[in-house]
Asker: 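Let me give you the structure first, and then I'll get to my questions.
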Protein chains: 2
Amino acid sequence: MGDSERSEPEEEIMEATYEALCEHGYADLTVQRIATKLEKSTAAIHYHYDTKDELLVAFLEYLLDGMDEWLKADDEDAPRERLSSLLDSLLPEEPHDEGFTVAMTDMRAQAPHNEAFREQFVERDAYTLDLLAAAIEDGIEEGTFREVEPRGAARSLLTIADGGWSRYVVLDDDDALVRARGTAREYVEGSLEATTEG
Amino acid sequence: MGDSERSEPEEEIMEATYEALCEHGYADLTVQRIATKLEKSTAAIHYHYDTKDELLVAFLEYLLDGMDEWLKADDEDAPRERLSSLLDSLLPEEPHDEGFTVAMTDMRAQAPHNEAFREQFVERDAYTLDLLAAAIEDGIEEGTFREVEPRGAARSLLTIADGGWSRYVVLDDDDALVRARGTAREYVEGSLEATTEG
DNA sequence: CCTACCGATCGGTAGG
DNA sequence: CCTACCGATCGGTAGG
């Protein structure tokens with residue numbers, strides 16, 4: 001996914017945007033504040049991105065690219081372990097970056113007001129769903145999982161993950177991710193894994 | 001919960017804020033835009049609320065008060081039905097108001113940047129959690145549910161609900177709520193209901 | 001990339 | 001509640 005080429009100055013603008021977003025939130029994110037983090041003028045930013053909206057669309061792509069790093073499924077693994085490690089990376093024990101989750105939540109809330117944002121989230125979601133569904137499907141063929149609808153089950157797990165992140169950020173609940181991980185595990189055990197046979 | 005007394009003009013300001021928020025989103029929500037919806041001057045708003053922040057805190061309370069209406073548990077019902085109807089109101093077939101969910105998501109994303117916001121969400125969450133946990137606890141005593149940790153199970157169900165709403169709004173997925181309702185049902189069946197005994 | 005600047009709009013207030 | 005206005009800041013541009 002993604003990995004669009006970014007020039008050195010553009011990369012710096014993305015980092016500055018990230019810092020400004022974490023500190024001020026989307027509603028108070030201004031080109032001036034990004035420029036301050038960048039330690040350059042606002043004109044320097046408009047030189048690379050014509051409008052603020054264009055900058056933010058590029059920034060969302062940058063944010064989502066960053067997620068690619070830590071969502072890996074080892075095709076060598078058995079389906080159950082592959083699904084488990086996918087869930088571990090979706091709901092990590094230790095969130096990678098404090099501000100990242102806040103920034104992501106801020107951007108997600110803009111989706112209803114910005115079609116370009118929403119399209120990127122939808123695309124990303126479809127990609128993650130495919131990874132989960134593939135692991136589940138393999139597990140069904142193998143006999144590890146029951147004959148459920150793979151994409152439906154994958155969507156259930158993504159719903160649990162999204163809910164966990166939402167609660168982690170909104171309620172400032174440090175345990176929300178670990179708990180959601182537990183809920184996901186329960187769901188796998190209760191609705192996916194084959195009932196004790198033999 | 002809530003039901004703080006609001007004067008007639010204050011009620012009108014809340015409605016105008018709601019309309020402006022739905023139309024423009026939180027980031028582009030200005031006192032002027034609220035005043036336009038109100039068909040009065042911005043000074044009329046500042047007469048009732050000293051600052052924009054004060055107005056928005058009051059507005060969030062207004063929003064959450066509105067939720068009270070449709071989250072009712074009939075104490076007469078048996079635990080399983082009470083839990084089921086709670087989940088139905090948390091994840092309704094037909095969302096009550098188009099803009100309501102968008103407005104709520106917008107406000108939720110502000111929680112990390114506004115402590116007063118977050119406190120209200122935390123309080124609301126605790127209240128909902130209590131209702132769910134009570135139904136589960138009664139079900140355990142009755143023998144309908146297994147001997148799980150009631151609040152833990154309730155939190156799992158809330159996570160599923162939050163995830164469903166998040167996906168409904170962010171991905172503009174009309175089926176997200178119904179699907180989340182199904183996931184919640186699966187969770188109840190797989191992790192709560194007593195395994196076939198007798 | 002910078003300086004300097006544009007018109008528009010921001011949240012908020014004074015005076016009535 | 002309104003009119004009129006405040007200083008500050010907004011996104012963006014011209015000229016170099």
Side-chain angles (χ1 to χ4, degrees), chain A residues 5-63 103 106-107 109-111 113-117, chain B residues 5-63 103 106-107 109-111 113-117:
Chain A
E5 60 301 325
R6 262 179 290 271
S7 67
E8 171 92 19
E10 281 167 351
E11 186 75 24
E12 284 169 8
I13 292 174
M14 293 298 100
E15 286 165 21
T17 304
Y18 177 74
E19 289 172 41
L21 178 58
C22 292
E23 185 168 325
H24 304 286
Y26 188 93
D28 294 322
L29 181 65
T30 66
V31 177
Q32 179 56 60
R33 280 178 166 145
I34 298 171
T36 300
K37 292 289 181 191
L38 188 64
E39 293 182 299
K40 299 215 169 129
S41 72
T42 60
I45 292 171
H46 280 109
Y47 174 79
H48 292 281
Y49 301 96
D50 282 347
T51 65
K52 187 189 180 189
D53 187 69
E54 188 183 309
L55 161 64
L56 290 174
V57 170
F59 174 71
L60 178 54
E61 199 176 342
Y62 164 84
L63 257 194
D106 254 313
M107 298 297 282
Q110 299 309 315
H113 310 110
N114 188 321
E115 191 154 355
F117 282 20
Chain B
E5 60 302 324
R6 261 179 292 269
S7 67
E8 171 91 19
E10 280 167 352
E11 186 75 24
E12 284 169 8
I13 291 174
M14 293 297 100
E15 287 166 19
T17 304
Y18 177 75
E19 289 173 42
L21 179 58
C22 292
E23 185 168 326
H24 304 286
Y26 187 94
D28 294 322
L29 182 64
T30 67
V31 178
Q32 179 56 60
R33 279 177 167 146
I34 298 171
T36 300
K37 292 289 180 191
L38 188 63
E39 293 182 301
K40 297 210 171 133
S41 72
T42 61
I45 292 171
H46 281 109
Y47 174 80
H48 292 280
Y49 302 96
D50 282 349
T51 65
K52 187 190 179 188
D53 188 69
E54 188 183 309
L55 161 65
L56 290 174
V57 170
F59 174 70
L60 178 54
E61 199 176 342
Y62 165 84
L63 257 195
D106 255 313
M107 299 297 281
Q110 299 309 313
H113 311 110
N114 189 321
E115 191 155 355
F117 281 21

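Proteins come first, then strands; the chains are lettered A, B, ... in the order of their sequence lines, and each starts at number 1. Just so you know, these numbers use all the heavy atoms, side chains as well, and skip hydrogens, waters and symmetry mates.
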Asker: Does the side chain of B:M14 come within less than 4.5 Å of B:L55's, by heavy atoms?
Answerer: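 Yes, their side chains come closer than 4.5 Å.
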Asker: Apply side-chain hydrogen bond (donor to acceptor under 3.5 Å, both in side chains) to A:D28 and list each qualifying residue two or more places apart in sequence or on a separate chain.
Answerer: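 side-chain hydrogen bond (donor to acceptor under 3.5 Å, both in side chains) list for A:D28, sorted by chain: empty.
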Asker: Got a list of side-chain donor-acceptor pairs under 3.5 Å for residues 15-22 of chain B, not counting sequence neighbours?
Answerer:
unit_1: B:T17; atom_1: OG1; unit_2: B:I13; atom_2: O; d: 2.7
unit_1: B:Y18; atom_1: OH; unit_2: B:D97; atom_2: OD1; d: 3.3
unit_1: B:Y18; atom_1: OH; unit_2: B:D97; atom_2: OD2; d: 3.2
unit_1: B:Y18; atom_1: OH; unit_2: B:F100; atom_2: N; d: 3.0

Asker: With sequence neighbours left out, what residues match B:E115 under side chain to side chain contact (heavy atoms under 4.5 Å, CB included)?
Answerer: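 Applying side chain to side chain contact (heavy atoms under 4.5 Å, CB included) to B:E115 gives B:R118, B:E119.
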Asker: Could you tell me whether the phosphate oxygens of C:dC2, OP1 or OP2, come under 4.0 Å of any side-chain nitrogen or oxygen in A:S41?
Answerer: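 Looking at the OP1 and OP2 atoms of C:dC2, one of them is under 4.0 Å from a side-chain N or O of A:S41.
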Asker: At under 4.0 Å between heavy atoms, which parts of nucleotides 9-16 of chain D does protein reach? Answer with one letter per nucleotide, 5' to 3': B base, S sugar-phosphate only, - none.
Answerer: -SSBB---
Asker: For A:E11, give me all partners under salt bridge (charged side-chain N to carboxylate O under 4.0 Å, His left out), at least two apart in sequence or on another chain.
Answerer: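 Once residues adjacent in sequence are excluded, the partners of A:E11 under the salt bridge (charged side-chain N to carboxylate O under 4.0 Å, His left out) criterion are A:R6.
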Asker: For DNA chain C, what are the stems built from at least three Watson-Crick or G-U pairs in a row, each pair having both distances below 3.5 Å?
Answerer: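 DNA chain C forms these stems: C:1-16 with D:1-16.
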Asker: Output all residues satisfying side-chain hydrogen bond (donor to acceptor under 3.5 Å, both in side chains) with B:E10, sequence neighbours left out; order by chain, then residue number.
Answerer: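 side-chain hydrogen bond (donor to acceptor under 3.5 Å, both in side chains) check on B:E10 returns B:S7.
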Asker: Using side-chain hydrogen bond (donor to acceptor under 3.5 Å, both in side chains) as the criterion, list what pairs up with B:Q32, not counting sequence neighbours.
Answerer: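 Scan of B:Q32 (side-chain hydrogen bond (donor to acceptor under 3.5 Å, both in side chains), adjacent residues dropped) gives B:T36.
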Asker: With sequence neighbours excluded, what pairs up with A:E23 under the salt bridge (charged side-chain N to carboxylate O under 4.0 Å, His left out) test?
Answerer: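 If we apply the salt bridge (charged side-chain N to carboxylate O under 4.0 Å, His left out) test to A:E23, skipping adjacent residues, the hits are A:K37.
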Asker: Run the side-chain donor-acceptor check on residues 39-49 of chain A: report pairs under 3.5 Å with partners two or more places apart or on a different chain.
Answerer:
unit_1: A:S41; atom_1: OG; unit_2: A:A43; atom_2: N; d: 3.4
unit_1: A:S41; atom_1: OG; unit_2: A:A44; atom_2: N; d: 3.3
unit_1: A:H46; atom_1: ND1; unit_2: A:T42; atom_2: O; d: 3.4

Asker: Which residues in residues 8-17 of chain B have at least one heavy atom lying under 4.0 Å from any atom of DNA chain D?
Answerer: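 Here the set is B:P9.
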Asker: Return the set of residues passing side-chain hydrogen bond (donor to acceptor under 3.5 Å, both in side chains) with B:Y62 (not counting sequence neighbours), or none when no residue passes.
Answerer: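 If we apply the side-chain hydrogen bond (donor to acceptor under 3.5 Å, both in side chains) test to B:Y62, skipping adjacent residues, there are no hits.
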